[in-house]
Amino acid sequence: MDTISFSKETFLHELSQVTSTVELNQFKASYIGKKGIITNKLKELGKLANEERAAQGKSLNEARAFIDEHIRAQETVLYKNELKKKLAHKKLDITLPGAYLSKKPGGRHPVTLVMTEISEIFIYMGFTIEEGPEIETDYYNFEALNILKNHPARDMQDTFYAENTTTTDTLVLRTHTSPVQIRTMQRRKPPLRFIAPGKVYRCDSDISHTPVFHQIEGLMVDKGISFSNLKAVLEAFIHRVFSPQTPVRFRPSFFPFTEPSSEVDIGCILCAGKGCRVCKGTGWIEVLGAGMVNPQVFKNVGYITDLGDFNYSGFAFGLGMERIAMLKYGIDDIRLFYESDMRFLKQF
Ligand code: FA5
């Protein structure tokens with residue numbers, strides 16, 4: 001093996017010629033990189049006799065430490081110079097908007113917008129908000145609402161059944177928000193005035209039906225509540241959401257939990273009542289079900305007992321959110337809300 005002929009002067013002279021950090025890395029590799037002069041000599045040490053190996057090893061290690069120290073010092077100098085030059089060229093404008101602002105922010109779904117608007121109208125009328133579970137027992141979704149087993153009214157709401165591993169009662173995905181009436185009445189005594197917005201599920205799909213949709217339930221129980229109060233509240237609400245000129249029609253109907261019951265239609269806004277595919281040519285579109293609370297429901301929640309007087313009456317209603325959103329935004333197919341098509345959603 002050749003003895004090391006490392007000259008500090010030569011090394012320092014060569015180092016002074018290096019003008020960039022990239023060049024410096026190459027220069028460093030030529031001495032102490034994997035195949036550098038010093039590294040190669042270190043690899044060959046094993047071939048030397050003991051005495052010579054010790055002497056060579058010492059001077060090689062000293063050379064390596066010297067090289068390393070001077071390269072590090074030069075690296076700092078060169079890096080600072082390069083940064084200075086870069087900053088002098090690239091002026092930083094701290095008034096420019098951050099990069100994240102160039103990305104489009106998300107928006108609210110049209111159904112959420114309508115739910116929020118409607119909730120605010122009812123809150124303004126003194127209603128509070130209640131919630132209930134989306135997976136319900138048969139008892140709360142049907143029985144307590146006077147929809148008994150084998151009653152034909154169960155066919156009106158095509159039900160999704162959920163697997164039940166914990167309770168003995170059948171579990172369903174709630175088909176309407178009406179079970180929140182029962183849960184709240186069991187917890188609170190009248191007077192009551194609340195709405196319960198939320199998701200509901202039915203085995204249903206066409207241009208005005210989706211398997212998952214949203215309802216807002218409403219319940220008011222107090223002394224002297226009559227059908228006139230129900231009409232006044234719903235008409236005020238519809239005229240607020242649409243316009244004071246919107247035609248509203250109360251059509252006699254049947255719900256086991258209200259008596260008398262009514263469905264409420266509004267003049268189809270998409271065709272101005274002339275008849276279109278959404279209103280199926282009738283000029284009217286059904287937006288909600290409503291009625292006076294059936295005394296059987298008051299019995300089921302323990303309000304009416306054999307023991308005392310119950311001088312309260314109440315009304316209830318259940319609104320279809322998507323139907324309202326369709327009419328409000330002029331959308332002729334309810335399924336568009338749930339296709340996640342950005343071209344559609346970006347419009348709101
Ligand atoms: C009910 O769900 C009753 N719980 C409403 C009610 C509450 C009546 C309180 C009396 C007292 P109905 O099945 O008609 O009723 O549904 C109410 C509204 O939900 C309908 O008027 C309609 O606007 C909407 N709706 C019903 N099914 C669907 C569906 N598959 N997709 C979208 N909207 C629907």
Side-chain angles (χ1 to χ4, degrees), residues 110-111 114-115 118 122 127 130 132 136 140-142 144-147 152-160 172-185 192 194-221 225 227 229-231 233-234 237-238 241 248-266 268 278-280 284-294 296-298 313-328 331-338:
V111 174
V114 168
M115 291 254 279
I118 292 176
F122 282 108
F127 286 73
E130 294 290 341
E136 260 304 0
Y140 283 106
N141 197 77
F142 295 121
L145 288 158
N146 200 32
I147 313 175
R154 288 207 179 196
D155 300 338
M156 286 157 60
Q157 302 181 354
D158 259 335
T159 311
F160 287 113
V172 298
L173 297 186
R174 68 178 178 190
T175 55
H176 51 175
T177 41
S178 300
V180 188
Q181 286 186 38
I182 305 297
R183 289 185 177 274
T184 310
M185 284 193 277
L192 295 174
F194 68 84
I195 56 166
K199 276 198 193 85
V200 299
Y201 305 81
R202 287 184 202 176
C203 204
D204 230 349
S205 182
D206 60 36
I207 64 160
S208 55
H209 295 83
T210 45
V212 184
F213 61 103
H214 296 77
Q215 285 189 340
I216 290 190
E217 192 75 12
L219 181 71
M220 183 163 178
V221 183
I225 296 288
F227 204 93
N229 299 116
L230 171 63
K231 274 192 87 179
V233 165
L234 291 179
F237 147 74
I238 288 167
V241 177
V248 182
R249 173 171 93 171
F250 283 75
R251 189 166 31 82
S253 186
F254 170 76
F255 296 102
F257 38 97
T258 47
E259 183 57 39
S261 302
S262 173
E263 272 169 319
V264 178
D265 303 332
I266 68 169
C268 181
V278 175
C279 64
K280 299 194 175 91
W284 294 94
I285 185 151
E286 176 205 318
V287 288
L288 64 96
M292 299 305 293
V293 179
N294 188 325
Q296 184 60 47
V297 174
F298 286 146
S313 54
F315 66 72
F317 57 86
L319 275 163
M321 280 307 91
E322 283 75 1
R323 297 275 172 88
I324 306 266
M326 283 172 83
L327 293 169
K328 205 169 158 59
I331 292 156
D332 66 0
D333 190 332
I334 196 171
R335 292 165 296 194
L336 283 168
F337 286 125
Y338 299 113

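Indexing begins at 1, ligand by ligand and atom by atom, following the structure's order.
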**OP:** Would you please name every residue forming a ring-ring contact (aromatic ring centres under 6.0 Å, His included) with F142, sequence neighbours left out?
**Re:**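 Testing F142 for ring-ring contact (aromatic ring centres under 6.0 Å, His included), a comparison that skips the adjacent residues, returns none.
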
Original post:
Backbone N or O of T175 within a donor-acceptor pair of the R202 side chain at under 3.5 Å?
Top reply: yes

Original post:
For I147 and H176, which heavy atoms make the closest approach, and how far apart are they?
Top reply: CD1-CE1, 4.2 Å

**OP:** Please identify each residue that fulfils side chain to side chain contact (heavy atoms under 4.5 Å, CB included) with D158, with sequence neighbours left out.
**Re:** C203

Subject >> salt_bridge(R183, E136) N-O dist < 4.0 Å >> reply: yes

Subject >> Sequence-distant partners of S253, side chain to side chain donor-acceptor pair (under 3.5 Å), two or more places apart >> reply: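 Only E263 meet the side chain to side chain donor-acceptor pair (under 3.5 Å) criterion with S253.
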
Original post:
Any idea which residues sit under 4.0 Å from ligand 1, heavy-atom distances?
Top reply: Q157, H176, S178, Q181, R202, D204, S208, H209, T210, F213, Q215, E217, F255, F257, T258, E263, E286, V287, L288, G289, A290, A316, F317, G318, G320, R323, I334

